[in-house]
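So the structure is just underneath, and the comments pick up after that.
The structure displayed is predicted, hence computed values, not measured ones. Positions are given from 1 along the sequence. Hydrogens, waters and symmetry mates play no part in the numbers below; they use all other heavy atoms, side chains included.
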Amino acid sequence: HAQRDVKSKVYIYKIRNQKLRPALGRNYCWFVRFDLDLESMRRAASHLIGTHDFSCFCATGTDVQNRVRTVLSIEIRNETEGHIDIVVEAKGFLKYMVRNIIGTLVDVGRGKIKPEEINAILASRDRKQAGTTAPAHGLFLQEVKY
């Protein structure tokens, strides 16, 4: 069944990390002009893997009662110079969960949030503690695993 038999979903988020805004493909990625520390982002992402209450990464006003989800993997790839792909696989997602995770990881990469603070953000269950919401135009559903 298309909804009940899903084992996991894989989303990919595309970021262009360079000084000048790209002319081609700009509607299919998030343009971030600030330098990003990918190692800090990877350390922060490792804290999100596993089963957690992701209330802090859920859209405000969502009436879902159970906000516990299992993230299987988060991979941050620097494909070519300035092209960053973040791949998130989980058994299920909350509304805006991937975009809020990506925005928080970018804030970590910019130095606004320390990687070690991710555990405290998760424990707070407060959306205001997490980072910004990444724009929708960089997010793509890559795969649904049955």
Qualifying residue, where the test is side chain to side chain donor-acceptor pair (under 3.5 Å) with S8 and the options are E89, K91, E143, K145 | E89
Test K14 against I86 for side-chain contact (heavy atoms from CB on, under 4.5 Å), laying out the working first.
-> CA-CA 7 Å; K14 298 187 172 289; I86 303 177; over 6 Å; no
Looking only at heavy atoms, which two atoms of T104 and A130 are closest? And how far apart?
-> OG1-CB, 3.7 Å
So do the side chains of M97 and V71 get within less than 4.5 Å of each other, counting heavy atoms only?
-> yes
Should side-chain heavy atoms under 4.5 Å link Ile, Leu, Val, Met, Phe, Trp and Tyr, which residues sit in the same cluster as I12?
-> V10, Y28, V87, F140
Do T133 and R127 meet the criterion of a side-chain donor-acceptor pair at a distance under 3.5 Å?
-> yes
Mark yes or no for whether R21, through its side chain, and Q18, through its backbone, hold a donor-acceptor pair below 3.5 Å.
-> no
Is there a path of hydrophobic side-chain contacts, each under 4.5 Å between heavy atoms of I, L, V, M, F, W or Y residues, that connects I74 with L122?
-> yes
Under the 3.5 angstrom rule, does the side chain of R26 hit a backbone N or O of A23 as a donor-acceptor pair?
-> yes
For L94 and R69, what are the C-alpha separation, side-chain angles and deciding distance, and is it a side-chain contact (heavy atoms from CB on, under 4.5 Å)?
-> CA-CA 8 Å; L94 298 165; R69 298 292 185 268; 3.2 Å; yes
Side chains of residues 29-44: which donor-acceptor pairs under 3.5 Å do they make with residues two or more places apart or in other chains?
unit_1, atom_1, unit_2, atom_2, d
D37, OD1, E39, N, 3.3
D37, OD1, S40, N, 3.4
D37, OD2, S40, OG, 2.7
E39, OE2, R42, NH1, 3.0
R42, NE, I76, O, 3.2
R42, NH2, I76, O, 2.8

Less than 4.5 Å apart, any side-chain heavy atom of L48 and any of F57?
-> yes
Residue pairs, two or more places apart or on separate chains, that pass side-chain hydrogen bond (donor to acceptor under 3.5 Å, both in side chains) and touch residues 44-56 = H47-N119, T51-T70, D53-S55, D53-R125
